[in-house]
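Structure first, commentary second.
Numbers restart at 1 for each chain; the letters A, B, ... are given by sequence-line order, proteins then strands.
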There are 2 protein chains.
Amino acid sequence: MDSEDDCGFGYDAFRRTCPSHTVLEMLASKWVYLVVCALRKGRLRNGELARKLEGITPKMLTQTLRVLERDGLVRREIFPVIPPRVEYELTELGQNLAGLLTQIRSWAEQHAPDIKDARARAIAESEGDWAA
Amino acid sequence: MDSEDDCGFGYDAFRRTCPSHTVLEMLASKWVYLVVCALRKGRLRNGELARKLEGITPKMLTQTLRVLERDGLVRREIFPVIPPRVEYELTELGQNLAGLLTQIRSWAEQHAPDIKDARARAIAESEGDWAA
DNA sequence: ATCTTCACTATCCATAAGGTGCGTATATAT
DNA sequence: ATATATACGCACCTTATGGATAGTGAAGAT
């Protein structure tokens, strides 16, 4: 019945026990999107990322990078120097994903006005209710 | 400096005040992914969605659909019959997005084994630490 | 009379996300 | 001696999220 849904790989993200479902859960994070997009054009240091991702706290940055490293999307390189120097870069798998996530980001940027309008309309309608 | 990053639309998802940033936040949800993907091939009723999205609670399903409706990605049609009949379908904007989200889902399904392996390796390494 | 269906709505609660601040290590500059 | 820079880890706390459960309404079946 859902042979089309598993995309022919035997995995089905609609099933909560499927490994691809947990992958989707991992990807469902604002900071994962942004970190992967930020690393797309080359390796960056922790501080460089922190400056690029406005509003991220050091904790969330580290947490996100650890998840991405654990899942094989990001490689971490430590230079044994003082003061410490650590660089992050996408693995091949990460680069592969970055293409898609960048498309999502572009979509968000392109359609932000549409969605802003839709939200405004939704608010206007709900406010109109009292007078109905 | 970041002229490439705003994709030429004047929006930059890296800035937390940018409307596109809130769009990205909205998209960063497992259930948003899955509901949009599920509706891709046509309109579905609440119960049909609930059966398709294994593990979703009625609350999360309704909540997700309300967000998608508010943002203009999903259209809701109510048939005034008893028992109630409500159908959901993607708007044009939603269809547009569904293409991308389906790619993400396919990616998750294709690369689930790679990520499973990466996680296993990460665990093996961290367990190896005690013997180091 | 009671049950069933369907699409919710409301409520409570456990967990997770996320923020803040402090500690660590050490070469270099003052 | 003290301060600075860097990239964290750790502990604590507050808030938000998601899940479980129960309730609603109204026609039709039993």
Sorted by chain and residue number, the side-chain contact (heavy atoms from CB on, under 4.5 Å) partners of A:Glu92 (sequence neighbours excluded) come out as none

Chain A vs DNA chain D, heavy-atom contacts under 4.0 Å, first-to-last nucleotide span, 5' to 3', is D:dA5 to D:dG9

Residue set satisfying salt bridge (charged side-chain N to carboxylate O under 4.0 Å, His left out) with B:Arg45, at least two apart, ordered chain then number -> none

With sequence neighbours left out, the residues meeting side-chain contact (heavy atoms from CB on, under 4.5 Å) with B:Ala98 are B:Val36, B:Arg40, B:Leu90

B:Arg70 meets the salt bridge (charged side-chain N to carboxylate O under 4.0 Å, His left out) criterion, sequence neighbours left out, with none

In 5'-to-3' order, the base (B), backbone-only (S) or no-contact (-) status of each nucleotide in nucleotides 10-20 of chain C, using a 4.0 angstrom heavy-atom cut-off, is -B------BBB

Are any protein N/O atoms closer than 3.5 Å to N/O atoms in nucleotides 1-7 of chain C? If there are, list each pair with its distance.
residue : atom : partner : partner atom : Å
C:dC6   : O3'  : B:Arg45 : NH2          : 3.0
C:dC6   : O3'  : B:Pro84 : O            : 3.2
C:dA7   : OP1  : B:Arg45 : NE           : 2.7
C:dA7   : OP1  : B:Arg45 : NH2          : 2.8
C:dA7   : OP2  : B:Gly47 : N            : 3.1

Across all chains, not counting sequence neighbours, the side-chain contact (heavy atoms from CB on, under 4.5 Å) partners of B:Asp117 are B:Arg121

Note: with side-chain heavy atoms under 4.5 Å as the link, the other cluster members for B:Val81 come out as B:Phe79

Hits for salt bridge (charged side-chain N to carboxylate O under 4.0 Å, His left out) against B:Glu25, two or more places apart or cross-chain, chain-then-number order -> A:Lys30

With sequence neighbours left out, the residues meeting side-chain contact (heavy atoms from CB on, under 4.5 Å) with A:Arg76 are A:Arg66, A:Glu69, A:Ile78, A:Val86, A:Tyr88

Exercise. Hey, is the main chain of A:Leu73 close enough, under 3.5 Å, to the side chain of A:Asp71 for a donor-acceptor pair?
Worked result: no

ring-ring contact (aromatic ring centres under 6.0 Å, His included) pairs touching residues 21-48 of chain B, sequence neighbours excluded, are none

